[in-house]
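Following: one structure in structure tokens, then a few remarks.
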2 protein chains.
Amino acid sequence: MYSSTACDVAVPSGSPHTAYQTFPIAPVDAPVDTPKRTVARCSTCSMRAICLPPSLTTAELERLDAIICTTRNVRRGEALYRGNDAFQSIYAVRVGSFKTVVIHRDGREQVTGFQIAGDAMGLDGVYAGRHSCDAVALEDSQVCIIPFGLLEVVCREVKSMQHHVHQMMSGEIVRESGLMMLLGTMSAEQRLATFLLNLSSRFKSRGYSASEFHLRMTREEIGCYLGMKLETVSRMFSKFQREKLVDTHGKQIRITNMEGLARV
Amino acid sequence: MYSSTACDVAVPSGSPHTAYQTFPIAPVDAPVDTPKRTVARCSTCSMRAICLPPSLTTAELERLDAIICTTRNVRRGEALYRGNDAFQSIYAVRVGSFKTVVIHRDGREQVTGFQIAGDAMGLDGVYAGRHSCDAVALEDSQVCIIPFGLLEVVCREVKSMQHHVHQMMSGEIVRESGLMMLLGTMSAEQRLATFLLNLSSRFKSRGYSASEFHLRMTREEIGCYLGMKLETVSRMFSKFQREKLVDTHGKQIRITNMEGLARV
DNA sequence: CGCAGATTTGACATTCTTCAAGCCCAGTGG
DNA sequence: CCACTGGGCTTGAAGAATGTCAAATCTGCG
């Protein structure tokens, strides 16, 4: 019923992102927190369409290559940054996935997002010069490091880059508004359906299967994102299973009735 | 028990914002939607400390005066902009207050914020070139109109302005994260307490009384913001009244036990 | 003064959480 | 190879929080 390969998601042949399936992760004994010089270049990156404006000239691309030249590997469960860490850079996920978590003094936690390959992280830190949340890897992952001060320099010189950064930040604002709507007005059932459809469309836009994928987060993390308890998440999955909307085997998900799920 | 003046909030004498109490609103017969040239100038605006970075030179201030030269009056209940309107400008509230509302196709509404004098609105529109929410005046209000394209030009030339805009956008991201935490993890009682304390500190930072103020929004709008029904909002107000944390007479609010409210 | 909308309050229904028990499954060590 | 173990997941029963519906005030404004 499910693919028996190591791949999490069905990758269409010829996908522009196939390369990411096999991107080399540093061996376990390498110091995982040290940025390392790599051959990573925006000009040849397959994620370019997501991270960069479409209209850059060759010269502009070279400017970017000059500032975004390091990547960092983060192992499952480790933090890329934590709340209150000094803000220096924003990050783009190259391989793997993360969750961002806001942690209140009293211990309450709220997952504010799940980031997959192509997503940006860290823009929250610009406001106070310190990060306002933790970014934790859900699996062994790799990010591009984009020093924000240098990015600001480029944005003052390249108009399309400037506007792209503004769109990224605004997009984050819009994304969070949608999440507030979800948390404020939807039932548990609708929240989970919306979550699955959102993941589905994001996988699809990155060339993966829209209907079959592997969740890297636990039921508890999903609940923490959707504002409900893990038991409720589990019950809703069971409900979708009974109603033949989704076929779940633990973290392996297959959406069998996309329209039905949207109608919930 | 409450001030009998027309003022909504107690204004400390010598407050830098006293002028806003009597800022002239256009007469009712004036076309309220037409931007009008005014003497509004950033260089002399009493809201400057909120809207602008602290370190601008005189020359830089003059550049701003040149682009932000119009204001607009919006009467109670009218929209400054609506979802899907083409995005041109962002706005700063000069007088009055607004709510921003995300409206889902199925009619669900979620209030994503209340903006008072000194707050910015409209940054959601940068992402798609269209606004993603409605901004509706809660009382007769006035905003500065800041054409975003021109602002981007200034930001490419004035580094401190660029960083300030980035901080504004990032601040909106952080603010919304906090709201997600509220919606995702707090009880109705905690949400209302947090809401009142947040309003209080914002009034205080603008020179108004932190303990006594007038709510411009209905119980329903508060509920729509906090993810609960208006009846629940009302019950929580009654509860705070019984517990002598807050003294409410309809929309007139006096916080009598700030620490108690924070401990909820 | 009298209406329309806003607010409060009570009674009851629903949803979600809490607590508890058991299952599943992958990794591990005998 | 297989039993063991721990984390993650599922499910049931009971209870708490919040929503729904309804009725009675209250309030601002024409």
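Chain A is the first sequence line, chain B the second, and so forth, proteins listed ahead of strands; every chain is numbered from 1.
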Can you check the B/H249 NE2 to D/dT25 C1' distance for me, whole Å?
-> 15 Å
Roughly how many Å is it from CD1 in B/I253 to P in C/dT7, rounded to a whole number?
-> 10 Å
Starting at CD of B/E220 and ending at C1' of C/dG5, how long is that distance when rounded to a whole Å?
-> 11 Å
Residues A/F98, A/Y91; criterion ring pair (Phe, Tyr, Trp, His ring centres under 6.0 Å); working and verdict | CA-CA 11 Å; A/F98 290 80; A/Y91 305 91; 8.5 Å; no
Trace of the side-chain hydrogen bond (donor to acceptor under 3.5 Å, both in side chains) decision for B/S177 with A/E176 = CA-CA 7 Å; B/S177 300; A/E176 289 191 345; 3.2 Å; yes
So what is the end-to-end bend of the helix from C/dC1-D/dG30 to C/dG30-D/dC1, with 5 pairs used at each end and the value given to 10 degrees?
-> 30°
Separation of C/dT9 C1' from B/R242 CZ (nearest whole Å) = 10 Å
Between the side chains of B/S97 and B/R216, is a donor N or O closer than 3.5 angstrom to an acceptor N or O?
-> no
May I ask you to check whether B/Y208 and B/F213 place their ring centres under 6.0 Å from each other?
-> no
Base, sugar-phosphate, or nothing: which does A/T218 touch, judged by heavy atoms less than 4.0 Å apart?
-> sugar-phosphate
Flag for B/Q241-B/T248: side-chain donor and acceptor within less than 3.5 Å = yes
Rounded distance (Å) that lies between atom P of D/dG28 and atom CZ of B/R76 | 12 Å
Is A/R219 reaching over with its side chain to a backbone N or O of A/G250, donor-acceptor style, under 3.5 angstrom?
-> yes
Do other residues, nucleotides or ligands put more than 12 heavy atoms under 6.0 Å from A/E220 CD?
-> no
Encode nucleotides 16-25 of chain C as B, S and - characters from 5' to 3', where the letter depends on protein heavy atoms closer than 4.0 Å: B to the base, S only to sugar-phosphate, - to neither.
-> SBBB------
Are A/D124 and A/S132 close enough that a side-chain donor and a side-chain acceptor fall under 3.5 Å?
-> yes
Please work out which residues in residues 103-114 of chain A have a non-hydrogen atom less than 4.0 Å from an atom of DNA chain C and list them by number.
-> none
Would you name the heavy atoms of B/L261 and B/A193 that are closest together and state the gap between them?
-> O-CB, 3.6 Å
Does A/D134 use its side chain to pair, donor to acceptor, with the backbone of A/V136 at less than 3.5 Å?
-> no
Rounded distance in Å - NE2 (A/H214) to P (D/dG8) = 13 Å
More than 12 heavy atoms of other residues, nucleotides or ligands under 6.0 Å from NZ of A/K251: is that the case?
-> yes
Separation of D/dT10 C1' from A/R219 CZ (nearest whole Å) | 9 Å
Whole Å only: how far is the CG atom of B/L230 from the C1' atom of C/dT8?
-> 10 Å
Within the structure shown, what part of the strands sits under 4.0 Å from A/S238 by heavy-atom distance: base, sugar-phosphate, or nothing?
-> sugar-phosphate
